[in-house]
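Single-structure report; data block below.
A quick note: this is a predicted structure, and the numbers were derived from the prediction, not measured.
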Amino acid sequence: MGSRRVLVTGCSSGIGLSVAARLAKDELGRFKVVATMRDLEKRGALEKAAGDALNQTLEIKELDVCSEASIKECVNSLPDRRVDVLVNNAGVGMIGPLECQSTAAVKEIFDTNFFGLVRLVKEVLPDMKRRQSGHIVVMSSVMGIQGLLFNDVYSASKFAVEGFCESLAVQAMKFNIKTTLVEPGPVVTEFERKLYELAETMDLSKTDEETAKIFREMYLPYSKKIFTSLGQSPEEVSEQTFKLITTKDPPLRHQTNRLYTPMTALKHADPTGRLPLDTFYKMVFKHDRVFNATVEVLRLLRRNLGRK
């Protein structure tokens with residue numbers, strides 16, 4: 001069958017970079033990777049990670065998911081426009097009180113995280129249908145399943161991604177096209193570090209004093225604890241993504257972090273929504289000791305799993 005061509009977006013750093021490098025270095029040589037990014041001046045880290053695979057099984061191209069023209073130009077540059085596997089990874093984050101976010105900034109989140117995916121799929125889906133084969137892999141998030149305090153807009157964008165893919169997957173099956181949502185929990189990347197650095201100095205003047213205090217004195221310290229206890233590396237996520245792409249029958253959804261599963265399971269355990277809502281409320285506002293104890297248990301579990 002020859003090599004499968006994989007188009008990966010958002011490859012300048014983090015998960016996208018790691019996924020592109022992992023596929024390009026496949027021991028069996030099954031992939032030709034087209035690693036894309038909006039700003040080619042940021043290609044240095046990817047070139048270093050690719051090593052000998054650069055310009056062999058991995059090529060770097062410019063692609064801005066917010067521009068239909070950029071997407072079309074990139075896909076048109078490929079032989080026969082063939083994309084066997086699309087890995088939609090490009091995304092941006094947003095945290096903080098809703099009152100402090102401008103409507104324009106909210107629209108930018110959706111333009112990248114949701115409409116960026118829609119633009120890409122619209123471009124490659126018709127060709128996949130004609131070939132009766134393909135795999136659409138989307139980097140989603142556990143926050144596309146369970147909303148999280150002060151992640152209102154980001155979570156909403158990922159909920160949109162989940163609904164879009166779940167709906168599209170039914171039609172795609174008819175054309176032998178697979179759909180997979182990869183759902184990481186916290187991932188320790190430069191992207192996340194910068195996001196939280198900005199959050200610590202953000203202007204909270206548009207919200208009330210109590211909300212600002214909750215964000216600064218509770219949410220941000222708690223988030224740091226969560227990342228320390230549960231955070232995965234981009235390499236961990238990319239290795240699981242690699243296995244999903246190489247498996248014969250990939251699932252629609254795959255959570256990369258087993259330790260996060262109990263938190264998302266709460267939602268399915270009670271269709272009314274009361275159980276997860278009450279649980280998270282009490283963990284954050286009522287039982288600080290319970291939260292800290294839970295985090296410590298998860299830290300120990302992660303350490304033990306790492307030894308296996």
Side-chain angles (χ1 to χ4, degrees), residues 6-11 13-20 22-23 65-66 85-95 106 108-122 124-125 134-148 151-173 177-189 191-192 195 226-227 230-245 247 250-268 276:
V6 187
L7 176 65
V8 188
T9 65
C11 294
S13 64
I15 295 173
L17 183 155
S18 187
V19 168
R22 179 66 183 92
L23 289 165
V65 299
C66 294
V85 183
L86 170 67
V87 181
N88 181 84
N89 167 75
V92 289
M94 174 183 280
I95 56 175
V106 171
E108 285 179 9
I109 295 295
F110 270 81
D111 197 31
T112 300
N113 293 1
F114 176 67
F115 287 105
L117 168 64
V118 173
R119 293 183 190 103
L120 281 162
V121 172
K122 280 185 68 178
V124 303
L125 185 62
H135 191 180
I136 297 170
V137 181
V138 179
M139 203 58 61
S140 182
S141 168
V142 292
M143 278 189 273
I145 307 170
Q146 176 68 60
L148 188 65
N151 282 266
D152 325 84
V153 176
Y154 177 76
S155 185
S157 72
K158 291 300 184 180
F159 264 70
V161 164
E162 293 270 331
F164 173 76
C165 290
E166 186 174 291
S167 301
L168 187 68
V170 178
Q171 178 197 153
M173 285 177 68
I177 300 168
K178 303 176 180 68
T179 308
T180 302
L181 287 152
V182 184
E183 300 165 333
V187 182
V188 183
T189 65
F191 167 83
E192 295 286 355
L195 185 64
I226 288 291
F227 270 84
L230 295 181
Q232 291 182 297
S233 68
E235 290 72 28
E236 287 179 88
V237 177
S238 67
E239 186 60 35
Q240 293 189 45
T241 304
F242 175 83
K243 290 178 180 177
L244 291 166
I245 292 172
T247 192
L252 173 63
R253 288 187 170 90
H254 175 78
Q255 290 187 39
T256 66
N257 195 328
R258 284 185 289 168
L259 294 180
Y260 218 91
T261 303
M263 299 185 187
T264 55
L266 290 172
K267 185 168 186 175
H268 300 292

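- Once rounded to the nearest 0.5 Å, the distance linking CZ of F110 with SG of C66 reads 13.0 Å.
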Hey, mind stepping through Q240 and V182 against side chain to side chain contact (heavy atoms under 4.5 Å, CB included) and telling me if it holds? CA-CA 9 Å; Q240 293 189 45; V182 184; over 6 Å; no
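- Listed for the K267 side chain is no donor-acceptor partner under 3.5 Å among the backbone atoms of P276.
- Looking at S18, its side chain never comes within 3.5 Å of a backbone N or O of G14 through a donor-acceptor pair.
- Tested against V85 for a side chain to side chain contact (heavy atoms under 4.5 Å, CB included), the candidates V137, I136, L23, V124 yield a single pass: V137.
- Taken to the nearest 0.5 Å, the CZ atom of F227 stands 7.5 Å off from the OG1 atom of T189.
- Taking both residues in full, the closest heavy atoms of I109 and G93 are given as CD1-O, 3.4 Å, listed atom of the first, atom of the second, then distance.
- Using a 4.5 Å cut-off on side-chain heavy atoms (C-beta onward), K122 and V118 make contact.
- One finds the SG atom of C165 at 8.0 Å from the CG atom of N88 (value rounded to the nearest 0.5 Å).
- In this structure, the separation between CE on M94 and CG on D152 is 10.0 Å, given to the nearest 0.5 Å.
- To the nearest 0.5 Å, atoms OG1 (T9) and CG (L86) are separated by 7.0 Å.
- Side chain of N89 to main chain of G10: a donor-acceptor pair is present (N/O by atom type, distance under 3.5 Å, no hydrogens or angles).
- Across all their heavy atoms, E162 and L181 have their closest contact at OE1-CD1, 3.6 Å.
- A salt bridge is absent between K158 and E183: the closest approach of a Lys/Arg side-chain nitrogen to an acidic carboxylate oxygen does not fall below 4.0 angstrom.
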Could you walk me through whether R253 and E166 pass the side chain to side chain contact (heavy atoms under 4.5 Å, CB included) test, one step at a time? CA-CA 9 Å; R253 288 187 170 90; E166 186 174 291; 2.7 Å; yes
Are T256 and E236 close enough, and set up right, to give a side chain to side chain contact (heavy atoms under 4.5 Å, CB included), and what steps lead you there? CA-CA 8 Å; T256 66; E236 287 179 88; over 6 Å; no
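- Contact between F164 and V121 at its shortest, heavy atoms only, is CE2-CG2, 4.2 Å.
- Between the side chain of R119 and the backbone N or O of V65 there is at least one donor-acceptor pair closer than 3.5 Å.
- Between G16 and C11, the shortest heavy-atom distance links the atoms O-SG, 3.7 Å.
- For N257 (side chain) and Q232 (main-chain N/O), no donor-acceptor pair under 3.5 Å exists by modelled atom type.
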Could you walk me through whether L148 and Y154 pass the side chain to side chain contact (heavy atoms under 4.5 Å, CB included) check? CA-CA 9 Å; L148 188 65; Y154 177 76; over 6 Å; no
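- Of all heavy-atom pairs between L125 and L168, the closest is CD2-CD1, 4.1 Å.
- Taking OG of S140 as the reference point, atom CD of Q255 lies at 10.0 Å (rounded to 0.5 Å).
- H135 and T179 get closest at one heavy-atom pair: CD2-N, 4.2 Å.
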